[in-house]
Amino acid sequence: FSSYGKVINVLSRERENGTALMLLREMDGKGCKPCVVTYNIIIDSLCTGGLVTEARDIFLEMIGNGVSPDVITYNSLIHGTFKVGNWKEATRLLNEMKEKKIKLDLYNINVLVDALCKGMMVAEEAMVLFKVIEDCGSSLDVWNYNILIHGMCSIGKVETAKEIFHHLSAKKLRPNRRTYKIMVNGLCNQGLLNEANDLLQEMEEGNCSPDGFTYNIIIQGLLRNNSSLKAKQLIHAMIERGFSAD
RNA sequence: GUUUCCUAC
């Protein structure tokens, strides 16, 4: 609660972790009890700063103080732990979560799947996880798919990524600009420039106009493929449109 | 009140 909570929130946003931590100590000293949210904010900002060990200390400290971690605490910590590449510890935390029967919602699953895709290259497993979720009747949103598609692309499974992408429209979910970018990027990396071009058309026709990056990705791909003529054409098309930023 | 997605050269 409290004004301390608010100040800590602000400090964390400004990446002033040191100061935020000092405030936390001060709270302790004065007998003010930080609540879960306060801890969560600090843990998360430590994690995004790569200070996972410190985040873990706070995590243990909060338990010591009788404050039980919730889904968000675990998410932040797990996500941070994965990012640092410590998947062993992250999986341990995941299991710990299961044992405590902390229930995940879609948002939380995203965090985990993202961590899985990036940290462990087990996008296939993430996919399985999604299927299970779907079978349970929860519907996935575009973000989930973006994460998955990106995961597939980054391990070179563009075919699977394409399947998922099509699966998207079958579900009447509109891909957003990021979805397209991820796909275009993935296709280009595999040298599938024609398909990337098709997608670009689709973007222009739909309501997701491509931005400068999207063009550049394709142009880059064309050049790598010795299609400098097409690249030039595309550059012109790009200039005519006066491409917009994200 | 706090946690998740893309960004080439």
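Chain letters run A, B, ... following the sequence lines, proteins first, then strands; residues in each count from 1. Worth saying up front: this structure is predicted, and the values here are computed from it rather than measured.
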Give the rounded distance in Å between these two atoms: [atom1] of [X] and [atom2] of [N].
{"X": "A:Ile218", "N": "B:rU7", "atom1": "CD1", "atom2": "C1'", "value": "14 Å"}
{"X": "A:Leu77", "N": "B:rU3", "atom1": "CG", "atom2": "P", "value": "15 Å"}
{"X": "A:Met203", "N": "B:rU7", "atom1": "CE", "atom2": "C1'", "value": "12 Å"}
{"X": "A:Ile149", "N": "B:rU4", "atom1": "CD1", "atom2": "P", "value": "20 Å"}
{"X": "A:Ile102", "N": "B:rU3", "atom1": "CD1", "atom2": "C1'", "value": "13 Å"}
{"X": "A:Leu94", "N": "B:rU3", "atom1": "CG", "atom2": "P", "value": "19 Å"}
{"X": "A:Arg178", "N": "B:rA8", "atom1": "CZ", "atom2": "P", "value": "14 Å"}
{"X": "A:Ile43", "N": "B:rU3", "atom1": "CD1", "atom2": "P", "value": "13 Å"}

Step through it carefully: locate the ring centre of A:Tyr74, locate the ring centre of A:Phe59, and say whether they are under 6.0 Å apart. yes

Heavy atoms from C-beta onward define the side chain here; which of [options] lies closest to that of [X]?
{"X": "A:Ile41", "options": "B:rU2, B:rU7, B:rU3", "answer": "B:rU2"}
{"X": "A:Cys35", "options": "B:rU3, B:rU7, B:rG1", "answer": "B:rG1"}
{"X": "A:His150", "options": "B:rU4, B:rG1, B:rC6", "answer": "B:rC6"}
{"X": "A:Val37", "options": "B:rG1, B:rC5, B:rC6", "answer": "B:rG1"}
{"X": "A:Asn185", "options": "B:rU4, B:rC6, B:rC9", "answer": "B:rC6"}
{"X": "A:Asn40", "options": "B:rU4, B:rU2, B:rC6", "answer": "B:rU2"}
{"X": "A:Asn216", "options": "B:rU4, B:rA8, B:rU3", "answer": "B:rA8"}
{"X": "A:Trp143", "options": "B:rC5, B:rA8, B:rU3", "answer": "B:rC5"}
{"X": "A:Val111", "options": "B:rC6, B:rU7, B:rU3", "answer": "B:rU3"}

Assign A:Asn189 to base, sugar-phosphate, or nothing according to its heavy-atom contacts below 4.0 angstrom with the strands shown. nothing

Could you tell me whether the side chains of A:Asn146 and A:Thr179 share a donor-acceptor contact shorter than 3.5 Å? yes

Step-by-step salt bridge (charged side-chain N to carboxylate O under 4.0 Å, His left out) determination, A:Asp211 to A:Lys181: CA-CA 9 Å; A:Asp211 58 12; A:Lys181 268 203 230 181; 2.8 Å; yes

Test side-chain contact (heavy atoms from CB on, under 4.5 Å) applied to A:Ile219 and A:Met238, step by step: CA-CA 10 Å; A:Ile219 291 170; A:Met238 181 177 167; 3.8 Å; yes

Check this for me, if you would: do A:Glu61 and A:Arg25 make a salt bridge, where the nitrogen-to-carboxylate-oxygen distance has to be below 4.0 angstrom? yes

Does atom [atom1] of [X] have more than 12 heavy-atom neighbours from other groups under 6.0 Å away?
{"X": "A:Lys100", "atom1": "NZ", "value": "yes"}
{"X": "A:Arg174", "atom1": "CZ", "value": "no"}
{"X": "A:Lys230", "atom1": "NZ", "value": "no"}

Residues touching RNA chain B, which here means a heavy atom under 4.0 Å, drawn from residues 44-58 of chain A: A:Asp44

